There are 2 protein chains.
Amino acid sequence: MTTHTAMEPNGKDVTNILRTAGLRPTRQRVSLAELLYSKGDRHISAELLHEEAVAADVPVSLATVYNTLHQFTEAGLLREVAIDGNKTYFDTNVSDHHHFFIEGENRVIDIPGEGVGIGAIPEAPEGMEIVRVDVVVRVREKR
Amino acid sequence: MTTHTAMEPNGKDVTNILRTAGLRPTRQRVSLAELLYSKGDRHISAELLHEEAVAADVPVSLATVYNTLHQFTEAGLLREVAIDGNKTYFDTNVSDHHHFFIEGENRVIDIPGEGVGIGAIPEAPEGMEIVRVDVVVRVREKR
DNA sequence: ATTTGTGCAAATCGTTTGCATCTGA
DNA sequence: TCAGATGCAAACGATTTGCACAAAT
C-alpha cells in the first residue's frame, strides 16, 4: 500500500486533479498548484509564482515554473491572459469572464459579476470559427 | 528657396501631419508614414514594417522603426494593440473599433462595421477611470 | 527499469538604450 | 549652428531549450 493519499485538504485534490489531467503529481507540480489555487482567483506571472514558491520553501527553477504553467494551461487548469504585451499572466479562473487591466500598476483583476456582456458577437470571417472573446477594460487611477 | 514641398499626393500630407504632431518630417519618418498609411488600415509589427521599408529601398534601422512607431503612437497617429503577448502590433486605424485575432496565423484584423458592442460597460473599480475597452475575438480556421 | 520531470545555464526573441555621427530648420 | 534624429551594436528582460541528473510509477 503505497497509496499514501493523505487527507490534507488540498494535497489530495490537487494530486487527483493532476493525475486526471495526465500529469504526474510531482513535488513541484503539487506545490505550485497549491500556491495557485489556495488563494482564490489569481492572475499571476511566472516570475511572481516562482518567487512565491521559493518563499514558501519550495525551491523550483524558473524553467520548471514556465513548463508547469504551460502544462496546466494545456490541461485546462489555467487560462493565459495576454494583455500587456511583455508579460504573460495566468488566470486561475478558467470560467468565462473578462478583465480590468490597471495601467501603471500592470495589474489584472476579474470583472465581477455579469458586469460585461458583448452586445452582438460578430460573425467570424469566412471559414473561421470563434474560439473565445476577450474583453479588457483598461483603467487608470483617477486624478 | 529650400522649401521643396513637392505635391506628391502623399508626401505633402504626411509632411504636414508630422509637423502638426510636432515631429520633424525626416526622410525615414515620412517614408514610414507612407508605408503605414498608403495601404488602408493595417496591423503591423515593427519587424514587418522594417522589412517593408528595406524592401522599398528606404533603409532604416530597426531601432528607428521602433522609435518612430512609438512616437507616432504618442502623437495619436497609431494605436498599440496588445493581443499576442510576445509581439506588439500597431494599428493604423485609430478610431474606436475591435479586433479579430487569427490564432495560428497570428494575424490581426479589424472587426468590420458595428459588429460588436459591449452590452454593459462595468463600472471601474474605486478611484479608477476607464481608459479604453478592448475586445479581441479569437478565431481559428474552421475544420 | 523506464519513463517523465527537473535544474541549470546557455540560447533566443522582441525590444530598448548608449553614444557617436548625421541632418533638417 | 545645433537641437533633434539616426544607426549601430551592445544591453535587456521575458521566455525557451538542450542536456545531464533525479524522481515517479
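Quick caveat, the model's predicted, so the values are computed rather than measured. Chain A is the first sequence line, chain B the second, and so forth, proteins listed ahead of strands; every chain is numbered from 1.
Looking at B/Asp91 and B/His99, their side chains do bring a donor and an acceptor atom within 3.5 Å of each other. Defined by atom type and a distance below 3.5 Å, a donor-acceptor pair is missing between the side-chain atoms of B/Asp110 and B/His98.
Here A/Glu52 pairs with A/Arg42 in a salt bridge; the nearest charged N to carboxylate O distance falls below 4.0 Å.
Around atom CD of A/Glu105, more than 12 heavy atoms belonging to other residues, nucleotides or ligands sit under 6.0 Å away.
Here D/dA14 presents its C1' atom at 15 Å from CG of A/Leu49, a figure rounded to the nearest Å. Per the geometry, CG belonging to A/Leu48 stands 17 Å off P belonging to D/dG13, to the nearest Å. The separation between B/Leu18 atom CG and C/dT23 atom C1' is 16 Å, rounded to whole Å. Taking atom CD of B/Glu80 as the reference point, atom P of C/dG14 lies 16 Å away to the nearest angstrom. For the pair B/Leu69 CG and D/dT6 P, the interatomic distance rounds to 12 Å; values are reported in whole Å.
When each of D/dT6, C/dC8, C/dT4 is scored by its nearest atom to the side-chain atoms of A/Arg29, the top-ranked nucleotide is C/dT4.
At C/dT6, none of the side-chain N or O atoms of A/Thr64 fall inside 4.0 Å of OP1 or OP2 (strictly under the cut-off).
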query = Nucleotide by nucleotide, 5' to 3', does protein get under 4.0 Å of the base (B), only the sugar-phosphate (S), or neither (-) in nucleotides 15-25 of chain D, counting heavy atoms?
reply = BBB-----BBS
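A side chain to side chain contact (heavy atoms under 4.5 Å, CB included) with B/Leu69 is found for exactly one of B/Thr88, B/Leu49, B/Leu32, namely B/Leu49.
Here side-chain hydrogen bond (donor to acceptor under 3.5 Å, both in side chains) pairs that include residues 125-138 of chain B, with residues two or more places apart or in two chains, are A/Asp134-B/Arg138, A/Arg138-B/Asp134, A/Arg140-B/Glu129, B/Arg132-B/Asp134.
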